[in-house]
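Reviewing the structure listed below.
Just so it is clear, the model here is predicted, and its values are computed rather than measured. One-based numbering, in listed order, for ligands and for the atoms of each.
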Amino acid sequence: MKRMLTGLQPSGKLTIANYIGGIKPMILNQGKYDSFLFIPDLHTITVPQDATILKHNIKNAIAIYLACGIDPQKNTIYLQSDNLYHANLSWILECNTSMGQLSRMTQYKDKIQRGKPAVCGLFTYPVLMAADILLYSADIVPTGADQKQHLELARDLAINFNNKYGKTFVIPEPYIPEIGAKIMDLQNPEIKMSKSAENPKGVIYLTDDEQTVLKKIKSAVTDSEAVVKYDVENKPGISNLITIYSCLSGLSVKDIEQKFGNENYGVFKTEVAKLISQTLTPIQQKYEIYKNDENMIKDILQKGLDVTNNIAKEKYNEVKQKVGLGLHFD
Ligand code: ATP
Ligand code: MG
């Protein structure tokens with residue numbers, strides 16, 4: 001069975017964009033692949049975090065995954081920092097990565113532009129992401145479009161390593177949804193929706209109640225044309241709402257244009273908000289139950305650690321031997 005792997009940072013409350021771009025593809029494919037879902041908490045500290053809030057977010061991440069429909073029987077769920085091999089493999093890969101390769105990464109530039117401190121970890125974290133993937137020989141990696149460049153780096157690093165030291169890593173394939181790979185901020189449809197966004201008005205969190213969703217969608221930036229039509233260039237705001245509606249309803253963009261073509265934006269926005277809340281309400285109800293079940297969360301993480309530690313150790317030792325680290329006596 002091929003292996004599928006993805007991670008969502010515990011950098012805040014998950015958003016509808018994380019659900020559409022990261023979680024939904026995992027749910028649709030769980031059972032078809034050997035599925036690994038991890039909490040990349042080492043990535044999260046690449047930007048400043050409050051330790052208490054970070055702990056809280058890590059704990060809640062498992063509960064929200066399950067509430068969204070991730071089946072713990074069909075997925076190995078684990079915490080990155082529990083497993084020491086991720087950072088170790090990352091170091092070896094870093095020694096095989098050029099400054100030029102990392103300088104091209106746009107996420108780093110974006111985050112610096114948004115005022116995040118220029119720490120080394122933020123610069124090198126795509127290599128850690130490559131280690132996260134390559135340690136487990138993942139065949140496919142579901143992500144949003146924002147991670148495409150990092151995935152390409154992981155592929156390049158794997159190919160280079162294989163060429164230099166002999167076949168070691170599986171070359172991972174990105175799995176990017178055709179629609180919904182880049183949900184945009186509601187207040188600024190030129191930038192992607194992010195859970196760490198400064199302005200929460202542009203972001204729908206999975207925990208937002210009906211009133212909040214309606215308010216945020218109603219105040220989403222659109223245009224003055226008042227035609228529900230998909231046109232990313234000229235109508236990025238309304239195109240974003242069409243995309244969200246399409247992802248949650250299963251209707252095609254064309255169907256949505258036909259359905260709402262004669263309606264004003266107010267009517268369409270109300271329907272988008274309604275559909276979002278219909279999706280979120282059952283998730284929130286389950287989340288309230290799961291988040292208090294500490295024993296279940298602990299059990300899931302322990303099981304995840306047991307499974308992943310063995311796989312990671314084996315791959316790490318293979319790499320270590322190939323690059324000549326340590327002493328190995330037969
Ligand atoms: P942060 O702002 O802390 O980076 P984020 O919202 O970008 O948070 P990540 O944890 O970095 O979320 O990414 C989790 C998953 O969600 C990844 O698969 C990523 O590609 C996907 N994702 C993130 N933003 C979007 C988006 N706007 N549209 C679709 N998918 C997204
Ligand atoms: Mg991100």
Taking the six-membered ring for Trp, are Tyr65 and Phe38 ring centroids under 6.0 Å apart? no

Among all the protein's non-hydrogen atoms, which is closest to atom 7 (O) of ligand 1, and how far away is it? Lys192 NZ, 2.6 Å

Nearest protein heavy-atom contact for atom 15 (C) of ligand 1: which residue, which atom, what distance? Leu8 CD2, 3.8 Å

If you measure from each heavy atom of Gly180 to ligand 1, is any distance below 4.0 Å? yes

Check whether any side-chain heavy atom of Gln80 lies under 4.5 Å from a side-chain heavy atom of Leu128, and answer yes or no. yes

OG1-CD1 distance between Thr281 and Ile276, expressed to the nearest 0.5 angstrom: 11.0 Å

protein heavy-atom neighbour closest to atom 19 (C) of ligand 1 works out as Asp146 OD1, 3.5 Å

Pro142-ligand 1 polar pair, N/O distance under 3.5 Å: no

Would you mind checking if Glu294 and Lys59 are paired as a salt bridge, meaning a charged N to carboxylate O distance below 4.0 Å? yes

Which residue and heavy atom of the protein sit nearest atom 11 (O) of ligand 1, plus the separation: Gln9 NE2, 3.4 Å

May I ask you to identify, for Ala17, whether its side chain, its backbone, both or neither come under 4.0 Å of ligand 1 on a heavy-atom basis? both

List the closest protein heavy-atom neighbour of atom 9 (P) of ligand 1: residue, atom name, distance to the nearest 0.1 Å. Lys195 NZ, 3.3 Å

Could you tell me the residue and atom name of the protein heavy atom closest to atom 27 (N) of ligand 1, and the distance to it rounded to 0.1 Å? Ile183 O, 2.8 Å

For the backbone of Thr168 and the side chain of Asn162, can you confirm whether one donor and one acceptor N or O come within less than 3.5 Å of each other? yes

With rounding to the nearest 0.5 Å, note down the distance linking OH in Tyr108 to CG in Leu122. 6.5 Å

Just to confirm my output: which protein heavy-atom neighbour is closest to atom 29 (C) of ligand 1, and how far is it? Ala181 O, 3.2 Å

Mind checking whether Val319 and Asn88 have side chains closer than 4.5 Å, heavy atoms only? no

Mind checking whether Thr143 has an N or O less than 3.5 Å away from an N or O of ligand 1? no

Is there a heavy atom of Ile20 sitting under 4.0 angstrom from any atom of ligand 1? no

Taking only non-hydrogen atoms of Thr15, do any sit less than 4.0 angstrom from ligand 1? no

Is it the case that ligand 1 has an N or O less than 3.5 angstrom from some N or O of Gln147? no

Between Arg114 and ligand 1, does any nitrogen or oxygen pair lie at a separation below 3.5 Å? no

Check the side chains of Gln302 and Asp306 for a donor-acceptor pair under 3.5 angstrom, ignoring hydrogens and angles. yes

With a 3.5 Å cut-off and no angle check, do the side chains of Tyr85 and Asn309 form a donor-acceptor pair? no

Quiz question: by atom type and distance under 3.5 Å, do the side chains of His86 and Tyr136 form a donor-acceptor pair? yes

Ligand 1-proximal atoms of Lys111, by part, heavy-atom distance under 4.0 Å: side chain

the protein heavy atom lying closest to atom 2 (O) of ligand 1 turns out to be Ser196 OG, 2.5 Å

For Lys218, does its backbone N or O pair with a side-chain atom of Lys269 as donor and acceptor, under 3.5 Å? yes

Of Ser11, Gly144, Pro177, which has the heavy atom at the shortest distance from atom 21 (C) of ligand 1? Gly144

